[in-house]
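Read the numbers this way: they start at 1 and go in the same order the structure lists the ligands and their atoms.
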Amino acid sequence: MRCILCNMPLFLSHHGICSQCVKNLPKFNRVCYQCGLPHSLTTKICYRCRDRKPYWDELIAVTEYVNPLKKLIHHVKFYNKIELTLALARLMILAWYQKRQMMGLEKPDLITCVPLHHIRYWSRGYNQAELLAKPIAKWLNRDFYPYLLHRKQYTPDQKNLSLKERMQNVETLFTCRQNIAHKSVMLIDDIVTTGNTINAICQQLKICGASNIQVMCLCRTLL
Ligand SMILES: [Zn+2]
Ligand SMILES: [Zn+2]
C-alpha cells in the first residue's frame with residue numbers, strides 16, 4: 001500500500017497518507033476557535049462571532065478548502081472513491097487531538113453528521129459525511145447517530161446558488177429527531193463553506209437540548 005498523495009510505500013498501510021504528507025498539509029494561521037476563520041486578535045473568539053454568535057461552540061478543520069484535500073474530497077464525492085474516507089477521517093481525528101491539547105476540548109457524548117437529502121443519497125449511494133463520522137465515533141468510543149437529523153426538503157446544489165439564495169434555502173430545513181438534553185455533540189461534515197447549513201442544524205440541536213456542539217470538518221472555506 002502506498003501513500004495516496006506522494007505514492008511512497010506506507011509504513012502503516014491503513015493510514016493511507018504518510019506522516020510526511022500529513023506534516024506538509026497547508027496550515028492555518030491564527031483562527032477563531034468558534035468559526036474557524038482567520039482573525040488577528042489575541043482573543044480566542046473573533047469579532048464576527050462575538051457580534052453574531054453561531055449556534056455551535058467550536059469548529060475544527062484540517063485545512064482550508066485547498067489541495068490536496070480539495071482534490072481528495074472531489075474524488076470521494078464525484079468519483080465514488082469511498083476508500084479514501086478512512087484516511088481522511090484519520091486526518092480529522094489528528095486535527096481534533098491537536099486542538100484538544102491547545103484548547104482543552106472535551107470529548108463529546110455523541111457523534112452525528114450532516115445528512116444528505118434522500119434524493120441525493122440515492123443518486124450518490126452514500127453520504128460522505130457519514131463515512132467520515134463513523135470511524136471517528138469508533139476511535140473516540142462514542143455512540144454514532146447518523147440519522148439524528150432529518151433534512152426536510154430537497155434543495156438544489158448549493159454551489160449554483162447566490163449567497164442570498166443559500167441563506168433562504170437552509171431556513172427550517174433540518175429537524176432533530178431525538179431528545180439530546182444535556183448531551184455534547186460532535187457534528188461532522190466534509191466542507192464548511194458559509195456555515196449557514198451547519199448553523200441551521202446546530203440551532204435545531206440546541207433546541208433539542210444539546211449542551212455543547214463541536215463542528216468538525218475536513219476543509220473550511222475562507223470567506
Ligand atoms: Zn505521502
Ligand atoms: Zn469567529
Side-chain angles (χ1 to χ4, degrees), residues 1-76 81 83-96 98-100 102-106 114 132 135 163 166-167 170 184-189 191-203 205-206 210 212-223:
M1 177 93 181
R2 288 171 176 270
C3 171
I4 295 164
L5 293 175
C6 70
N7 209 30
M8 291 291 281
L10 282 172
F11 182 59
L12 293 167
S13 62
H14 61 281
H15 282 183
I17 297 174
C18 76
S19 53
Q20 195 55 43
C21 286
V22 172
K23 222 191 281 176
N24 290 343
L25 287 175
K27 303 273 181 303
F28 282 110
N29 289 322
R30 228 191 130 65
V31 291
C32 166
Y33 280 20
Q34 190 154 10
C35 65
L37 296 174
H39 80 133
S40 52
L41 299 176
T42 51
T43 52
K44 287 182 178 177
I45 309 293
C46 74
Y47 275 129
R48 290 172 300 254
C49 290
R50 273 188 275 175
D51 217 32
R52 271 186 68 189
K53 204 172 152 49
Y55 286 100
W56 71 84
D57 298 277
E58 292 110 10
L59 187 143
I60 302 110
V62 181
T63 71
E64 284 178 46
Y65 189 45
V66 291
N67 284 333
L69 296 194
K70 186 178 178 178
K71 203 169 90 189
L72 295 183
I73 293 171
H74 198 80
H75 282 315
V76 170
K81 296 262 183 197
E83 67 274 17
L84 297 176
T85 51
L86 192 62
L88 293 172
R90 188 176 157 267
L91 297 181
M92 292 167 94
I93 198 81
L94 290 175
W96 185 82
Q98 215 172 39
K99 281 265 172 148
R100 181 174 160 90
M102 280 164 52
M103 296 162 52
L105 289 177
E106 297 283 333
V114 174
L132 293 167
L163 183 63
R166 286 187 201 191
M167 291 180 77
V170 293
S184 57
V185 177
M186 178 186 276
L187 173 69
I188 293 184
D189 204 0
I191 311 162
V192 171
T193 306
T194 61
N196 292 328
T197 305
I198 53 163
N199 209 32
I201 291 175
C202 292
Q203 183 180 19
L205 292 173
K206 289 259 163 114
N212 182 278
I213 305 169
Q214 291 173 11
V215 172
M216 185 143 82
C217 61
L218 276 167
C219 293
R220 174 69 161 123
T221 303
L222 303 187
L223 302 171

Apex the Zn ion (ligand 2); atoms Cys46 SG and Cys35 SG; angle rounded to 10 degrees: 110°

Answer yes or no as to whether an N/O/S atom of Cys32 is found below 2.8 Å from the Zn ion (ligand 2). yes

SG (Cys6) to the Zn ion (ligand 1) to SG (Cys18): angle, nearest 10 degrees? 110°

Main-chain N/O of Ser184 paired to Asn212 side chain as donor or acceptor, under 3.5 Å: no

Atom NZ of Lys206 and atom CD1 of Ile201: how far apart are they, to the nearest 0.5 Å? 14.0 Å

Exam field: side chain Arg100 to backbone Leu105, donor-acceptor pair closer than 3.5 Å: yes

With the Zn ion (ligand 1) at the center, what angle do SG from Cys21 and SG from Cys3 span, rounded to 10 degrees? 110°

Side chains of Cys202 and Pro54: does their closest heavy-atom pair fall under 4.5 Å? no

